[in-house]
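Everything below concerns the one structure shown next.
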Amino acid sequence: MLFTIGLVFMSVAAVDYVMGSGQVFARVPTWLEGQINVAGVGLGRYRLLIIVVCGLLTIGLQLILSRTRFGSRLRASVDDARVARGLGINVSGVFALTFAFGSGLAGLGGALGVESLGLDPTF
C-alpha cells in the first residue's frame, strides 16, 4: 500500500516537473450560474444541482442495497463471507464490483467538486 502511494507521489512530481503546475478553475455552464432564492435563502444553482444529484444518488443507492439481489448478496458477503461463499455467492466478484462502483462515485464527486475546489495537479 505504501509503495503504491509512493508511486502516486512520484508520478505527480514527474508530471509537475515536465508540464508545470498551476491551479485551473473550471467554469460552469451559463445556465448553472447565478442564484435561486429558496425560502429567503440564496442558493447557487450549481450548489443546488450538487445537492439534488447527491440526494438522488443517496436514494438510488439505498434502493439498490435494500431491494435488489445484488444488495442482498452484498449484505450477506459483508456479514459473513464464508457462509455467503457456501451459498454460492461470488464474494470476490461482489466486492470487486462494489469497489469499482465506489471508485466511480469518487470520480463523480471529484468532477462535481472541481468548480468549487479548482483543479490542482495534486487533486
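Just the heavy atoms: all of them, side chains too, but no hydrogens, waters or symmetry mates, feed the values below.
Considering only heavy atoms from C-beta on, Val28 comes within 4.5 Å of Glu33 through its side chain. Using a 4.5 Å heavy-atom cutoff, the side chains of Leu57 and Leu108 are in contact. At least one side-chain heavy atom of Leu105 sits under 4.5 Å from a side-chain heavy atom of Leu61.
Under a hydrophobic-cluster definition in which Ile, Leu, Val, Met, Phe, Trp and Tyr are linked whenever side-chain heavy atoms come within less than 4.5 Å, directly or via other members, Val41 and Val38 are assigned to different clusters. Hydrophobic clustering (side-chain heavy atoms under 4.5 Å, transitive across Ile, Leu, Val, Met, Phe, Trp, Tyr) groups Ile50 together with Trp31. A continuous path of Ile, Leu, Val, Met, Phe, Trp and Tyr side chains, each step under 4.5 Å between heavy atoms, connects Phe70 with Val91, placing both in one hydrophobic cluster. Residues Phe95 and Phe99 fall into different hydrophobic clusters, defined by Ile, Leu, Val, Met, Phe, Trp and Tyr side chains chained together at heavy-atom separations under 4.5 Å.
The distance from the CD1 atom of Ile59 to the CD1 atom of Ile64 is 12.0 Å, given to the nearest 0.5 Å. For the atom pair OG1 (Thr68) and CG (Leu63), the distance works out to 9.0 Å, reported to the nearest 0.5 Å. To the nearest 0.5 Å, the span separating CZ on Arg69 from CD1 on Ile89 amounts to 9.5 Å. Here the straight-line distance linking atom CG of Leu74 with atom CG of Asp79 works out to 9.5 Å at 0.5 Å rounding. Taking OG of Ser66 as the reference point, atom CZ of Arg75 lies at 7.0 Å (rounded to 0.5 Å). In this structure, CG on Leu32 lies 9.0 Å from CD on Glu115, to the nearest 0.5 angstrom.
Closest of all the heavy-atom pairs between Val114 and Ala26 is CG1-CB, 4.1 Å. Taking all atoms of both residues into account, the shortest heavy-atom contact from Leu112 to Val53 is CD1-CG1, 3.9 Å.
Within 6.0 Å of CZ in Arg47 there are 12 or fewer heavy atoms belonging to other residues, nucleotides or ligands. Counting non-hydrogen atoms of neighbouring residues, nucleotides and ligands closer than 6.0 angstrom, the CZ atom of Phe9 reaches no more than 12 such neighbours.
Asn37 places no side-chain N or O within donor-acceptor distance of the main-chain N or O of Gly40, the cut-off being under 3.5 Å.
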